[in-house]
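First comes the structure, then the notes that go with it.
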Amino acid sequence: MKQLPIMQVLPDLKLILNKNKAAVLIAEPGAGKTTGTPPAFLDEPWMSGKSILMLEPRRLAARSAAVYMAACLGESVGQTVGYRMRMDSKVGKNTRIVVVTEGVLTRMLQSDPSLGDVGLIIFDEFHERSLHADLGLALTLEAQSVLREDLRILIMSATLDGERVSALLGGAPVVDCPGRTYPVETIYVPGSGTAQLEQAAAIAVRRALDEQPGDVLVFLPGEREIRRTERELQSGALPQGTVLRPLYGQLPQAMQDAAVAPAVPGERKVVLATSIAETSLTIEGVRTVIDTGQRRTQVFSPRTGMPRLTTVPVSKASADQRRGRAGRTAPGVCYRLWSSEEHQRLPDDNVPEIMETDLAQLALELALWGVRDPAALPWLDAPPAAPYAQGAALLRQLGALDAGGAITPHGRSMAALGAHPRAAHMLLRAAELGAAPLACRLAALLQERDLFKGPAAADSDLTLRVEALLRFERSAETGGADPAILRAVQRESRNLLAQLQAAPEVPRDSSGTGLLLSFAYPDRVGQKRGDGAFLLAGGRGAAMREGQPLSRSPYIVAAGVDDRAGQGRIMLAADLPEEELLRHHAGSFTEEREVYWDKESGSVKARRRTLLGALVLKETSHERPTAEETEDVLLGVISAEGLELLPWDKGTVQLRQRMAFMHGLRTDWPDVADEALLGSLDEWLRPFIQGMRNLRDLQRLPLSRAFEGMLDWNSRQKLDKEAPTHIAVPSGSRIPLDYSNPGAPVLAVRLQEMFGQVDTPRIGMGQVPVLLHLLSPARRPMQVTSDLASFWRSTYFEVKKDLKGRYPKHYWPDDPLQAAPTNRTRPVK
DNA sequence: CTCTCCCT
């Protein structure tokens with residue numbers, strides 16, 4: 001212990017924490033920081049009568065760190081050094097160093113924000129940036145600034161960028177400590193382009209077995225790739241004594257042990273592992289690491305509110321951590337299956353969990369802490385807004401938050417359970433109904449991997465899993481289910497039963513599964529749309545795989561839905577009897593009265609609907625909309641479909657055009673263009689559609705009165721004068737004016753009727769000469785002009801020649817201004 | 001051909 005590198009920096013750290021409230025320790029692997037640091041502070045003056053809390057991200061590491069520190073003091077765990085984790089704790093009266101796992105720290109902070117007699121809190125492996133560690137630090141920092149100015153904080157990390165943490169801690173000093181590992185040579189092996197990941201890995205394994213001594217550790221993204229690489233290697237010859245050892249989280253414990261244990265003499269071990277071997281497990285005898293540079297990670301999709309697994313490139317920090325695994329006992333080699341150029345493009349660090357995960361639980365913890373806006377707390381990376389808002393919305397739906405975002409008593413009970421808010425709500429509701437035993441088993445089943453593999457897994461009915469579990473509990477029969485997962489589920493459900501102090505009885509059968517599941521997933525209650533498709537209460541569509549008996553259920557609850565765009569696929573679900581839905585979710589129903597336009601009948605109708613989110617549970621039509629509702633809908637339809645729906649007649653069309661003409665001259669006149677009319681239907685049209693219900697009624701609308709209604713009495717007089725419907729011409733005829741083009745009204749009149757008229761008639765306060773269409777006796781257009789005087793002077797004589805030829809019986813005077821106008825062949829004498 | 005890892 002004396003020779004550990006950490007010993008060199010401890011005096012420095014003591015000095016710093018004597019004066020400062022916070023420090024950052026960057027220590028490379030093998031420095032001995034986890035077990036060397038905490039005991040060093042026990043005798044510091046500021047620690048008198050106080051204890052040390054150290055956060056460890058994994059149970060195994062927490063327990064073994066406590067055991068090791070206790071052994072160094074010549075004690076057993078539970079004396080000076082203890083630990084505390086879920087369902088397991090060894091702490092005594094004299095314990096001054098407590099190693100805790102993440103959920104425990106959160107619960108401790110929440111139940112006593114002043115942290116009692118804790119003098120120093122250490123965050124170990126902080127570079128892993130788990131959600132709970134980030135939350136724990138945020139809460140601790142606030143507790144320190146508000147309640148406990150004397151509290152010391154020490155952040156310990158392997159590769160973290162020390163400056164950012166230091167800044168968050170108000171400029172805390174950063175101490176660096178070298179590690180004690182052997183050098184590892186890095187060899188970049190750029191991909192051969194077409195080679196599959198597994199083929200490239202297998203080729204590298206053969207090369208390593210040939211070139212290097214000792215065991216080989218291969219990092220692959222997941223179980224599928226591990227199995228493929230295994231097959232790839234088995235398909236060709238391997239050197240004598242080579243054994244292949246898969247290693248991933250879901251592998252049975254005995255096989256995990258076999259992968260971790262040292263190789264038997266005469267054998268060489270090739271461990272094919274996921275990122276579990278990056279931090280969680282140390283494998284003896286590894287001299288060569290082969291890194292495919294990929295890892296599988298869960299991301300939360302705000303679009304669908306569902307988590308999804310993706311395979312992404314590792315970060316530089318992660319790749320270095322993997323490489324370090326080759327140098328723990330002797331110098332080693334690391335083959336990276338990418339180029340050094342590609343390496344430069346890798347991100348420096350993994351994306352912190354808080355940036356990518358479901359934040360419902362975080363939102364609940366913050367609400368319990370008394371914070372509604374996460375920006376009120378200090379973060380290295382603040383929780384992203386969309387997933388946070390989605391988490392808060394879910395909490396409101398589960399009754400954990402009130403409308404204002406404050407935590408409810410129910411929310412407090414949920415947080416105390418520690419489970420995901422969905423599971424916590426289900427457990428509490430189930431306990432009220434006396435169904436806790438089944439709910440604990442469901443929560444455990446949902447948390448673990450599927451009990452079934454292969455063809456049995458194709459049936460998505462959750463009750464089949466429940467029945468299998470109950471059979472296993474009663475008679476230890478596995479019945480085709482995975483025994484390791486059965487045991488894990490049983491263990492977890494016992495933990496939950498103990499937490500809820502529920503009766504130990506084994507439920508008789510799976511009945512009630514759908515109802516309990518609907519408490520956890522109220523947003524995924526699905527209503528049958530036919531053809532295996534369901535509409536979920538949250539608004540998303542989802543479909544069963546082919547041939548599922550469940551697809552005949554009118555209502556289901558979808559516990560697992562994949563994240564594909566458009567219609568999701570239901571992986572796991574249970575039938576929800578309609579009467580249970582109606583009985584137990586009535587509090588979440590919304591009643592909606594909707595008055596709407598029925599296109600088919602062309603009329604306004606009303607209906608009342610009972611909704612659960614997007615689902616219409618009940619609908620009654622035959623309601624009578626009120627007169628005002630009807631007017632609203634009618635105006636809405638006109639607004640959407642256009643003014644063509646109105647009963648236009650020639651008079652109204654002309655009236656509108658005349659008003660448009662006036663508006664063109666004086667903007668204080670009402671604008672009667674389409675856009676303006678559609679925008680002000682409420683003012684000018686509503687009074688005229690009272691009592692109307694349908695399109696037929698609308699045809700009886702006195703439309704010209706509606707237009708006249710836009711003008712007061714004076715304006716109406718003025719309209720008749722300045723935008724007259726007719727103009728009297730010299731012949732005595734009253735000729736209608738055509739306002740189709742409101743900028744240039746047209747007077748179409750036979751030429752002879754205009755004899756004697758010197759100038760163009762003007763309208764619009766004398767500002768606008770009408771556009772004259774001068775016609776032949778047969779009403780053929782001869783000439784268009786807005787300057788009659790100049791027409792008489794010149795063009796008339798050419799036109800006259802032409803007219804005389806065609807209409808010889810008519811009267812074509814040489815001096816039209818002196819001639820008598822006529823609407824006949826010749827003037828009457 | 002759905003399945004990284006951890007924790008209350």
Side-chain angles (χ1 to χ4, degrees), chain A residues 55-63 84-89 100-111 125 128-136 219-228 247-251 256 273-281 292 294-300 306-314 318 321 350-351 353 356-358 361-362 364-365 368 414-421 423-424 427 443-444 446-458 460 482 485 488 492 495-496 498-500 545 559-564 568-572:
Chain A
L55 176 68
E56 204 54 50
R58 276 165 291 280
R59 292 168 67 92
L60 192 68
R63 208 180 286 118
R84 202 187 277 279
M85 58 190 71
R86 183 177 181 225
M87 309 307 289
D88 186 9
S89 121
V100 298
T101 44
E102 296 184 327
V104 172
L105 175 70
T106 309
R107 295 272 66 75
M108 287 175 84
L109 280 159
Q110 292 282 20
S111 63
E125 314 285 6
E128 293 185 15
R129 295 293 309 279
S130 72
L131 183 66
H132 271 103
D134 274 8
L135 171 64
F219 282 101
L220 291 148
E223 180 180 352
R224 185 180 54 211
E225 291 83 356
I226 286 173
R227 293 301 173 188
R228 278 203 203 135
L247 177 61
Y248 47 91
Q250 294 305 315
L251 199 67
Q256 284 195 35
T274 61
S275 51
I276 192 172
E278 192 177 311
T279 49
S280 309
L281 298 174
T292 58
Q294 304 283 312
R295 79 190 162 98
R296 197 154 284 138
T297 184
Q298 192 184 68
V299 295
F300 179 75
M306 317 247 182
R308 167 171 55 97
L309 282 174
T310 56
T311 307
V312 296
V314 294
S318 198
Q321 182 79 24
N350 289 343
V351 178
E353 192 182 7
E356 292 192 318
T357 195
D358 171 10
Q361 224 172 335
L362 182 81
L364 183 60
E365 295 293 352
L368 181 62
M414 281 167 60
L417 275 180
H420 186 280
L427 291 166
L446 292 170
Q447 189 181 308
E448 296 292 330
R449 277 177 39 144
D450 195 350
L451 290 181
F452 295 152
K453 277 208 164 85
S460 21
D482 186 315
I485 300 176
E492 178 55 25
N495 287 344
L496 291 167
Q499 254 183 292
L500 284 182
R545 282 169 300 195
V561 183
D562 72 7
D563 183 62
R564 66 178 61 188
R569 190 163 43 166
I570 298 169
M571 315 305 293
L572 197 61

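Protein chains get the first letters and strands the later ones, always in sequence-line order, with residue 1 at the start of each.
Judged as a salt bridge (charged side-chain N to carboxylate O under 4.0 Å, His left out), and not counting sequence neighbours, the contacts of Arg86(A) are Glu492(A). Residues that satisfy the side-chain contact (heavy atoms from CB on, under 4.5 Å) test with Glu223(A), not counting sequence neighbours, are Arg227(A), Tyr248(A), Arg449(A). In terms of the salt bridge (charged side-chain N to carboxylate O under 4.0 Å, His left out) criterion, residue partners of Glu225(A) (sequence neighbours excluded) are, by chain and number, Arg296(A). Arg84(A) is linked by a salt bridge (charged side-chain N to carboxylate O under 4.0 Å, His left out) to nothing, counting only residues two or more places apart in sequence or in another chain. Arg107(A) is linked by a salt bridge (charged side-chain N to carboxylate O under 4.0 Å, His left out) to Glu365(A), counting only residues two or more places apart in sequence or in another chain.
Within the 4.0 angstrom heavy-atom criterion, only backbone atoms of the sugar-phosphate kind lie near Met85(A); the bases stay farther away.
In this structure, Gln499(A) places its CD atom 15 Å from P of dC7(B), rounding to the nearest Å. Whole-Å rounding puts the Glu128(A) CD to dC7(B) P distance at 10 Å.
Judged by closest nucleotide on DNA chain B, Arg228(A) is the one of Arg228(A) and His420(A) placed further toward the 5' end.
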For nucleotides 2-6 of chain B, give me every protein contact, N/O to N/O, under 3.5 Å, one pair per line with atom names.
from   : atom 1 : to        : atom 2 : distance (Å)
dC3(B) : OP2    : Arg224(A) : NH1    : 2.5
dT4(B) : OP1    : Arg296(A) : NH1    : 2.5
dT4(B) : OP2    : Glu223(A) : N      : 3.1
dT4(B) : O2     : Arg296(A) : O      : 3.2
dC5(B) : OP1    : Gly249(A) : N      : 2.6
dC5(B) : OP1    : Thr274(A) : OG1    : 2.9
dC6(B) : OP1    : Ser280(A) : OG     : 3.4

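No side-chain N or O of Gln321(A) forms a donor-acceptor pair with one of Thr279(A) less than 3.5 Å apart.
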